[in-house]
J.: 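Here's a structure for you.
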Amino acid sequence: MKVKVLLFGIFSERADTSKITVEDVKDKNELLQRIGMEYPFLKKMNYLIAVNQEVINNNIELRDGDEIALMPPFAGG
Amino acid sequence: MKASPPLSKWEGATDEINMEKEKTKKVFIDGPISPQFIADSIQKHSTKTDIGAHNIFMGQVRNDVIDGKEVTAIDYSTYNEMAEKELHKIREAAFEQFDLTCMHIYHSLGIVKTGEISLFVFVSSKHRDESYKASRYIVEYIKAKVPIFGKEIFEDETYVWKKNK
């Protein structure tokens with residue numbers, strides 16, 4: 001299974017990419033752990049996580065094809 | 001992260017007046033929202049003679065000073081698919097809570113300079129009470145929930161990423 005992770009704003013800039021593919025990941029917590037290892041700057045920053053365009057606060061299982069977004073604080077309006 | 005393509009401002013504009021609750025409405029505009037666009041929006045509503053009140057909110061880019069440097073522009077970007085979903089929720093919630101005739105939301109993408117408009121919220125109702133309340137509700141909801149990101153750009157072309165309070 002694989003999931004797509006989209007990065008926005010400062011995250012995309014620091015990671016030098018706006019999209020990552022992650023394979024064989026069980027749930028949100030595991031995903032964050034793996035991404036945190038690859039991009040340690042994330043551990044020190046505030047972000048919101050959306051799975052399939054819905055903000056998720058608790059841990060949830062991930063499925064093949066899910067789209068996850070790591071979003072820095074919003075600046076709209 | 002792809003930028004939204006430039007939108008033709010008048011595409012479906014007449015339809016917008018007739019179908020207040022259509023599923024997907026054009027929200028993002030490339031660059032600043034011009035005063036002319038706002039004036040034209042007002043004009044277009046003059047045929048809806050059951051409206052007694054309009055309330056218009058405009059967010060303008062402000063020359064904030066950060067660490068001694070003055071902001072000259074904001075460069076806006078968005079998570080498009082999620083923004084559209086959230087904006088749809090905002091519309092549904094506002095129509096449910098307030099007795100509105102019409103509602104329009106527009107937000108800029110790309111560069112908007114200080115003094116230019118980046119957000120335009122336009123609500124109409126039979127009586128003014130609803131429009132005052134709905135406008136505030138919608139603006140606060142947008143700022144809290146819609147995934148729009150912004151780089152505050154300074155005169156020397158350096159920048160910081162903006163965070164809503």
Side-chain angles (χ1 to χ4, degrees), chain A residues 1-22 25 27-29 31-32 35-36 38-77, chain B residues 1-3 27-28 33 57-62 64 71 73-90 105-109 112 117-121 135-153 158-165:
Chain A
M1 70 76 95
K2 64 180 168 203
V3 300
K4 179 166 66 172
V5 179
L6 304 179
L7 301 175
F8 291 93
I10 192 169
F11 302 154
S12 162
E13 187 176 86
R14 294 281 300 266
D16 201 27
T17 182
S18 57
K19 189 156 71 173
I20 314 169
T21 305
V22 181
V25 59
D27 56 30
K28 190 191 90 168
N29 288 350
L31 178 71
L32 290 177
I35 299 181
E38 178 92 19
Y39 303 105
F41 68 82
L42 283 171
K43 296 193 206 154
K44 298 180 230 155
M45 301 183 109
N46 289 328
Y47 51 80
L48 280 176
I49 299 171
V51 178
N52 301 327
Q53 293 101 45
E54 294 287 336
V55 171
I56 302 289
N57 295 310
N58 305 317
N59 191 26
I60 62 161
E61 221 172 80
L62 295 175
R63 288 169 293 191
D64 184 47
D66 276 346
E67 178 176 284
I68 292 94
L70 288 187
M71 303 178 289
F74 300 160
Chain B
M1 182 174 53
K2 56 183 204 299
V27 169
F28 292 111
I33 297 164
F57 176 84
M58 288 153 297
Q60 181 172 292
V61 176
R62 191 178 53 238
D64 281 350
V71 173
I74 298 179
D75 186 357
Y76 290 102
S77 53
T78 186
Y79 178 12
N80 212 296
E81 293 81 359
M82 182 175 159
E84 286 188 353
K85 281 190 176 175
E86 289 300 316
L87 287 157
H88 178 68
K89 285 183 201 170
I90 292 170
I105 301 170
Y106 298 97
H107 198 291
S108 296
L109 289 179
V112 182
I117 305 292
S118 58
L119 171 66
F120 171 34
V121 174
S135 172
R136 187 75 202 237
Y137 173 86
I138 291 164
V139 172
E140 297 305 324
Y141 199 144
I142 290 169
K143 285 179 164 286
K145 298 287 188 177
V146 181
I148 295 169
F149 313 103
K151 273 193 217 179
E152 288 173 303
I153 301 169
T158 58
Y159 60 86
V160 294
W161 288 95
K162 181 176 183 265
K163 299 174 205 193
N164 280 347
K165 296 190 174 59

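Labels below follow one simple rule: chain letters A, B, ... track the order of the sequence lines, proteins then strands, and each chain is numbered from 1.
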J.: Give, as side chain, backbone, both or neither, the part of Asn52(A) having an atom under 4.5 angstrom from any heavy atom of chain B.
T.: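 The backbone, not the side chain.
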
J.: More than 12 heavy atoms of other residues, nucleotides or ligands under 6.0 Å from NZ of Lys19(A): yes or no?
T.: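 Check fails, neighbour count at 12 or below.
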
J.: Heavy-atom distance under 4.5 Å to chain B: side chain of Leu6(A), backbone, both or neither?
T.: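 Only the side chain of Leu6(A) comes within 4.5 Å of chain B.
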
J.: Considering all heavy atoms of both residues, which atom of Ala75(A) and which atom of Gly150(B) are nearest to each other, and what is their separation?
T.: CB-N, 3.6 Å

J.: Using non-hydrogen atoms only, which part of Ile148(B) is less than 4.5 Å away from chain A: side chain, backbone, both, or neither?
T.: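 Looking at Ile148(B), backbone and side chain both touch chain A.
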
J.: May I have the step-by-step check of side chain to side chain contact (heavy atoms under 4.5 Å, CB included) for Glu13(A) and Trp161(B), ending in yes or no?
T.: CA-CA 10 Å; Glu13(A) 187 176 86; Trp161(B) 288 95; 3.3 Å; yes

J.: Are the side chains of Val55(A) and Met82(B) in contact, using a 4.5 Å heavy-atom criterion?
T.: yes

J.: Chain A heavy atoms under 4.5 Å from Lys151(B): which part of the residue, side chain, backbone, both or neither?
T.: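 For Lys151(B), the contact with chain A is made by the side chain alone.
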
J.: Are side-chain heavy atoms of Met71(A) and Tyr79(B) found at a separation under 4.5 Å?
T.: yes

J.: In terms of heavy-atom pairs under 4.5 Å, which option from Val121(B), Leu119(B), Ile74(B), Val160(B) contacts chain A the most?
T.: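 Heavy-atom pairs under 4.5 Å are most numerous for Leu119(B).
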
J.: State, yes or no, whether a side-chain contact exists between Phe149(B) and Pro72(A) at a heavy-atom distance under 4.5 Å.
T.: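 Yes, close enough: below the 4.5 Å cut-off.
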
J.: Give the member of Ile142(B), Val146(B), Val61(B) that has the highest number of heavy-atom pairs under 4.5 Å with chain A.
T.: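 Of Ile142(B), Val146(B), Val61(B), Val146(B) has the most heavy-atom pairs under 4.5 Å with chain A.
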
J.: Tell me, for Val139(B) versus chain A, whether the close heavy atoms (under 4.5 Å) come from the side chain, the backbone, both or neither.
T.: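 Neither part; nothing is under 4.5 Å.
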
J.: Which answer fits Ala144(B), side chain, backbone, both or neither, if we ask what part of it has an atom under 4.5 Å from a heavy atom of chain A?
T.: backbone

J.: Just wondering, are more than 12 heavy atoms of other shown residues or ligands nearer than 6.0 Å to CG in Asp64(A)?
T.: yes

J.: Where does Lys85(B) contact chain A at under 4.5 Å (heavy atoms): side chain, backbone, both or neither?
T.: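 Just the side chain, heavy atoms under 4.5 Å.
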
J.: If I measure from the heavy atoms of chain A, does Tyr141(B) come under 4.5 Å with its side chain, its backbone, both, or neither?
T.: neither

J.: Is there side-chain contact between Pro147(B) and Phe74(A), with heavy atoms separated by less than 4.5 Å?
T.: yes

J.: Out of Gln53(A), Glu54(A), Glu67(A), return the one with the most heavy atom pairs under 4.5 angstrom to chain B.
T.: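 It is Gln53(A).
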
J.: Just by modelled atom types, is the Gly76(A) backbone N or O under 3.5 Å from a matching donor or acceptor in the His107(B) side chain?
T.: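 It does not hold such a pair.
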
J.: Take atom CD of Glu61(A) as the centre, draw a 6.0 Å sphere, and report whether it contains more than 12 heavy atoms from other residues, nucleotides or ligands.
T.: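 No.
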
J.: Got more than 12 heavy atoms from elsewhere within 6.0 Å of NZ, Lys145(B)?
T.: no

J.: Would you say Lys163(B)'s side chain and Pro73(A)'s backbone share a donor-acceptor pair under 3.5 angstrom?
T.: no

